[in-house]
Amino acid sequence: NRVAEFSALLAKLYGLDDEEINLLKQASPMHDIGKVGIPDSILKKPAKLTDEEYELMKTHAEIGYDMLKHSNRAILKAAAEVALTHHEKYDGTGYPNNLAKDDIPIFGRITAIADVLDALSEDRIYKKAWPIDRIVEFFKDERGKHFDPLLIDLLIENFDQFLEIKERLRD
């Protein structure tokens, strides 16, 4: 739910229309659906993944895309795109296709930020939630590298709204 709400807010701030915002809000929670194809021993590992485990984990993007790509329904087409592109990086160093800048669909660029914001701000099996100031610094440092600089500017300028969502939708 947080990824959906973060994505919708960022899409609104970016200027997408209501139909696109609602489509992304429904599609973005499916970004990691491909993890159903990843063994639990990797998904639930309470330590750093080995290089081999990490390479297997990275396949979740294509697994999710392959699961969803055959549908003609707008929501599933959008979800397939998000699943495939949410680990691409603005500088072209992401996966699975090393897309860069505007070659990464806007839904993938937005969901990447929403996903990372959620991951950093909540406890996980393998790490504790980061303090808010460290999260903000991380996004500033990754502006133009991992993330679209315009989207990061919108995130930082409106960070209080994202924190409101986080508080409202606590685990």
Side-chain angles (χ1 to χ4, degrees), residues 1-16 20-36 38 40-49 53-54 56-61 63-64 78-79 81-91 93-96 99 104-171:
N1 287 335
R2 284 186 305 268
V3 170
E5 293 293 333
F6 291 158
S7 295
L9 175 56
L10 198 49
K12 181 179 179 182
L13 294 168
Y14 184 75
L16 297 185
E20 292 172 305
I21 293 167
N22 289 328
L23 186 61
L24 180 57
K25 186 175 182 178
Q26 294 174 55
S28 63
M30 291 185 261
H31 67 280
D32 276 342
I33 196 166
K35 286 186 177 178
V36 300
I38 306 299
D40 280 351
S41 61
I42 293 174
L43 290 176
K44 296 180 179 181
K45 186 174 178 179
K48 185 173 171 53
L49 300 178
E53 290 167 334
Y54 182 62
L56 187 58
M57 176 66 91
K58 287 174 23 178
T59 66
H60 82 276
I63 292 169
E81 177 182 277
V82 164
L84 185 64
T85 62
H86 76 283
H87 284 291
E88 297 289 355
K89 292 184 179 182
Y90 197 75
D91 66 3
T93 63
Y95 66 86
L99 299 178
I104 307 166
I106 189 62
F107 282 10
R109 284 182 277 149
I110 289 172
T111 303
I113 293 170
D115 181 33
V116 171
L117 176 58
D118 186 54
L120 296 179
S121 64
E122 296 294 323
D123 289 343
R124 295 289 192 259
I125 290 172
Y126 52 89
K127 66 145 199 74
K128 288 292 202 186
W130 288 16
I132 297 304
D133 59 337
R134 184 174 174 203
I135 294 170
V136 171
E137 284 307 309
F138 171 80
F139 280 114
K140 287 178 179 177
D141 290 345
E142 292 297 317
R143 182 186 182 278
K145 293 183 250 178
H146 189 151
F147 305 111
D148 180 327
L150 175 58
L151 292 172
I152 292 302
D153 292 346
L154 293 169
L155 172 74
I156 300 299
E157 290 166 10
N158 298 279
F159 207 75
D160 58 324
Q161 293 180 57
F162 291 91
L163 289 178
E164 288 172 17
I165 292 168
K166 177 187 162 3
E167 290 306 311
R168 183 168 39 90
L169 298 176
R170 292 187 80 78
D171 281 338

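Only this structure's heavy atoms are used, side chains among them; waters, hydrogens and symmetry mates stay out.
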Task: From OH (Tyr14) to CG (Leu155), nearest 0.5 Å - done: 15.0 Å
Task: Closest non-hydrogen atom pair, Phe138 against Val116 - done: CE2-CG1, 3.7 Å
Open item on the list: Within the structure provided, determine whether Ser121 and Trp130 are in side-chain contact (heavy-atom separation under 4.5 Å).
Closed with: no
- [ ] Quick one: list whatever passes ring pair (Phe, Tyr, Trp, His ring centres under 6.0 Å) with Phe159, sequence neighbours left out.
- [x] none
- [ ] Could you give me the CA-CA distance, side-chain angles and deciding distance for Leu169 and Glu5, then say whether side-chain contact (heavy atoms from CB on, under 4.5 Å) is met?
- [x] CA-CA 9 Å; Leu169 298 176; Glu5 293 293 333; 3.6 Å; yes
Task: Heavy atoms from other residues, nucleotides or ligands near NZ of Lys58 exceed 12 (cutoff 6.0 Å) - done: yes
TODO: May I ask you to decide whether Arg109 forms a salt bridge with Glu88, counting only side-chain N to carboxylate O separations under 4.0 Å?
DONE: no
Open item on the list: Between Asp91 and Lys145, is the salt bridge (charged side-chain N to carboxylate O under 4.0 Å, His left out) condition met? List the steps.
Closed with: CA-CA 5 Å; Asp91 66 3; Lys145 293 183 250 178; over 6 Å; no
Task: Heavy-atom closest pair, residues Ala83 and Gly64 - done: CB-C, 4.0 Å
Task: Distance-only side-chain donor-acceptor flag, Asp32 / His86, under 3.5 Å - done: yes
Open item on the list: Closer than 3.5 angstrom, by distance alone: can the side chain of Thr111 be matched with the main-chain N or O of Gly108 as a donor-acceptor pair?
Closed with: no
- [ ] For Ile132 and Ile135, run side-chain contact (heavy atoms from CB on, under 4.5 Å): C-alpha distance rounded to whole Å, both residues' side-chain angles, the deciding distance at 0.1 Å, then the answer.
- [x] CA-CA 5 Å; Ile132 297 304; Ile135 294 170; 4.2 Å; yes
TODO: Calculate, to the nearest 0.5 Å, the distance between atoms CD1 and CD belonging to Ile21 and Gln26 respectively.
DONE: 12.5 Å
TODO: Flag the pair Phe6 / Ile165 as yes when at least one side-chain heavy-atom distance between them is below 4.5 Å, and no otherwise.
DONE: yes
Task: Distance (rounded to the nearest 0.5 Å) between Asp40 CG and Lys45 NZ - done: 14.0 Å
Open item on the list: For Ala119 versus Arg124, what's the shortest heavy-atom pair and its separation?
Closed with: CA-NH2, 3.3 Å
- [ ] For residues Lys89 and Glu142, determine if any side-chain heavy atom of one lies less than 4.5 Å from a side-chain heavy atom of the other.
- [x] no
- [ ] Give, for atom CD of Glu137 and atom CZ of Arg134, the distance between the pair rounded to the nearest 0.5 Å.
- [x] 11.0 Å
TODO: State, with a plain yes or no, whether a side-chain heavy atom of Phe107 is found less than 4.5 Å away from one of Thr85.
DONE: no
Open item on the list: Between Phe147 and Ile110, is there a side-chain heavy-atom distance shorter than 4.5 Å?
Closed with: no
Open item on the list: Tell me the closest heavy-atom pair linking Ala79 and Ala27, and the distance in Å.
Closed with: N-CB, 3.6 Å
TODO: Output yes when a side-chain donor or acceptor of Asp118 lies under 3.5 Å from a complementary backbone atom of Arg2, and no otherwise.
DONE: no
TODO: Before giving the answer on salt bridge (charged side-chain N to carboxylate O under 4.0 Å, His left out), spell out for Glu122 and Lys166 the whole-Å C-alpha distance, their side-chain angles and the decisive distance to 0.1 Å.
DONE: CA-CA 9 Å; Glu122 296 294 323; Lys166 177 187 162 3; 3.3 Å; yes
Open item on the list: Closer than 3.5 angstrom, by distance alone: can the side chain of Lys25 be matched with the main-chain N or O of Val3 as a donor-acceptor pair?
Closed with: no
Task: Flag side-chain contact, heavy atom, 4.5 Å: Ile106 against Leu24 - done: no
Task: Ring centers of His31, His60 separated by less than 6.0 Å - done: no
Open item on the list: Which residue is it: Asn158, Ile152, Asp153, Leu154? I am looking for the one with a side-chain contact (heavy atoms from CB on, under 4.5 Å) to Ile156.
Closed with: Ile152
Task: Heavy-atom donor-acceptor pair, Glu53 side chain to Ile42 backbone, under 3.5 Å - done: no
Task: Shortest non-hydrogen separation from Leu151 to Leu10 and the atoms involved - done: O-CD1, 3.7 Å
TODO: Using a 4.5 Å cut-off on heavy atoms from C-beta on, say whether the side chain of Leu56 contacts that of Thr59.
DONE: yes
- [ ] Determine whether more than 12 heavy atoms belonging to other residues, nucleotides or ligands lie under 6.0 Å from atom CG of Asn1.
- [x] no
